[in-house]
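Encoded as structure tokens, the structure appears first; notes follow it.
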Amino acid sequence: AQARDDLDLRVTLNSERRDIRRRLLCEQILLHTVDDDGHHARLFIDRLPTAAASSTAEILQALDDVALSMRENDRAMVIAPASALTDAVRGSDAGVRADVLRSGRVRAIVKLPAGLVQSAPRAQLALWVLGREAADLSLADRCTAVADLTGMPLTAAARTDLVSDVRAAMGHARDVRAHSFRFTRLVRTSSLLASSGALVPRQAVARGREPAVQDLPVLLDMARRELGDDAPGPAPIVASSPSPVVAAATIETLIAEQHLHVRPGTRLEAHELGDAGLVVVDAGELDDAATIGTTHVDPFAFAAAHPSAQLTQAGDIIFRTAPTPRAWVDPDGSKVVASPARVLRIDSADPGGLIPELVAADIEHSSGGAGSWRRWTLRRVSPPARLALRAALADLAARREALARRIEALDTYSELLAAGVVAGRVSLADDAADSASEPQ
């Protein structure tokens, strides 16, 4: 409809297809039939098995019938059990499936995750997408896009990427070359015909590696779904086209470009520390930010003893290099940093895409000795996204802190409850019921 094409959408008219028709109508996709003059494009949607096609042989024969009934500009989507469409089959079933592949119309084969069939949660479905015959290519040069989504939840981002992959596979060779495939990989159709096993072999999942850039929207969707009601704000929107990327840079480079400034800590003597006054941040306290604020220094005595020392500003990154890199973002400022800790300050007029929270995270994941801190690499964000990302990270940090306080309160409560019951000083309302139900 968006392309203003006249399309005849064909869904088999029987009781077993009412669910598909109902879903299409709910999605505001109008089911209509144009005059069948042999020129209009048709889209076939078929869901198997049915009462008339329940076995693997019957399902594959129904698939073959769809392929044979297609005209030049027709397309088809067939959803059926993976045992018939993608898993290994033998004998005449393999021959029928090979005939459909040999037609040159099969553009994409996708093995879907389990759980899509409510009546059979463990059943796995597969999707075949058929399009225009690749008549301009020889059988040896034809390719089919295959994808294994067995362990991938069909989140909004995953569905978007899958649709994008299939659309590219439906196009010409230049469309395929121009597209960066997220899920699918191109396989020569001749190799699928020669294979006696599964058409979509299970993909090995890499462990312990950084996620690929194209995986990030899907992984973000999965992480957000795990949060449930705790997910903050509106869900991020998958960008229709990649946004401008600002290259990461070393601390040394960022200091030279004046996006970043370094300030040394102040050498304090033990007798200067007290219980009131300016908050002192020591290098050892960076291991646990909750301990920051327990040590103070008198402001007048500090100014007299260290006239050239500077207090922190809101957004400063207080960090150390040894024994392990640690960093903390000062949310308020007006603190004293005790040496050997240092301060990194982002230039407010020209931040160069730096965000304090990202800088602190990058420092904590850095490696190398104490003298290598100038070579640490920091990530940067494009100016339009900088403020929004920082606000989102600050919100997440506040939520995490609130959850940490709740966990601590629950731990304290459980310890005191157990101690009180053991000591006989408190009792629970269910004590009588529990004692009555226990065997004597």
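Bear in mind the structure is a predicted one, so any value in this text is a computation, not a measurement.
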Heavy atoms only: give me the nearest M170-V129 pair and the separation to one decimal.
SD-CG1, 3.5 Å
For residues 310-335, the ring-ring contact (aromatic ring centres under 6.0 Å, His included) pairs (sequence neighbours left out) are F319-W373
Going from [atom1] on [X] to [atom2] on [Y], what distance comes out if it is rounded to the nearest 0.5 angstrom?
| X | Y | atom1 | atom2 | value |
| --- | --- | --- | --- | --- |
| L63 | D99 | CG | CG | 10.5 Å |
| L192 | T86 | CG | OG1 | 11.5 Å |
| D64 | S103 | CG | OG | 8.0 Å |

With I109 as partner, the option from T184, L127, V200 fulfilling side chain to side chain contact (heavy atoms under 4.5 Å, CB included) is V200
For V262, which of I251, V343, I255, I317 qualifies under side chain to side chain contact (heavy atoms under 4.5 Å, CB included)?
I255
Contacts of type side chain to side chain contact (heavy atoms under 4.5 Å, CB included), residue [X], not counting sequence neighbours:
| X | answer |
| --- | --- |
| A76 | F44, V66, M70, L130 |
| D93 | T56, A57, L60, V89 |
| A98 | R102, L193 |
| S334 | none |

Flag the pair I79 / L48 as yes when at least one side-chain heavy-atom distance between them is below 4.5 Å, and no otherwise.
no
V359 side chain near V329 side chain, heavy-atom distance below 4.5 Å:
no
Tell me, please, which residues at least two apart from [X] pass salt bridge (charged side-chain N to carboxylate O under 4.0 Å, His left out).
| X | result |
| --- | --- |
| R390 | E357 |
| D165 | none |
| R399 | D395 |
| E72 | R132 |

Can I get a per-line list of side-chain donor-acceptor pairs under 3.5 Å for residues 401-413, giving both atom names and the distance, sequence neighbours left out?
residue: E401; atom: OE2; partner: R405; partner atom: NH1; Å: 3.4
residue: T412; atom: OG1; partner: E408; partner atom: O; Å: 3.0

Could you check whether atom NE2 of H261 has more than 12 heavy atoms from other residues, nucleotides or ligands sitting under 6.0 Å from it?
yes
Has E257 got more than 12 heavy atoms of other residues, nucleotides or ligands less than 6.0 Å from its CD?
yes
May I have all residue pairs that pass salt bridge (charged side-chain N to carboxylate O under 4.0 Å, His left out) and include part of residues 310-327, sequence neighbours excluded?
D287-R320, D287-R326, D316-R345
Check the side chains of T144 and T189 for a donor-acceptor pair under 3.5 angstrom, ignoring hydrogens and angles.
yes
Would T294 and T291 count as a side chain to side chain donor-acceptor pair (under 3.5 Å) if you check the C-alpha gap in whole Å, the side-chain angles of each, and the deciding distance to 0.1 Å?
CA-CA 6 Å; T294 57; T291 61; 5.7 Å; no
Listed partners of Q313 passing side-chain hydrogen bond (donor to acceptor under 3.5 Å, both in side chains), at least two apart:
none
Is it the case that the side chain of R42 and the backbone of D74 share a donor-acceptor pair, with hydrogens and angles ignored and the cut-off at 3.5 Å?
no
Between the side chains of D330 and K335, is the shortest nitrogen-to-carboxylate-oxygen separation below 4.0 Å, so that they form an ion pair?
yes
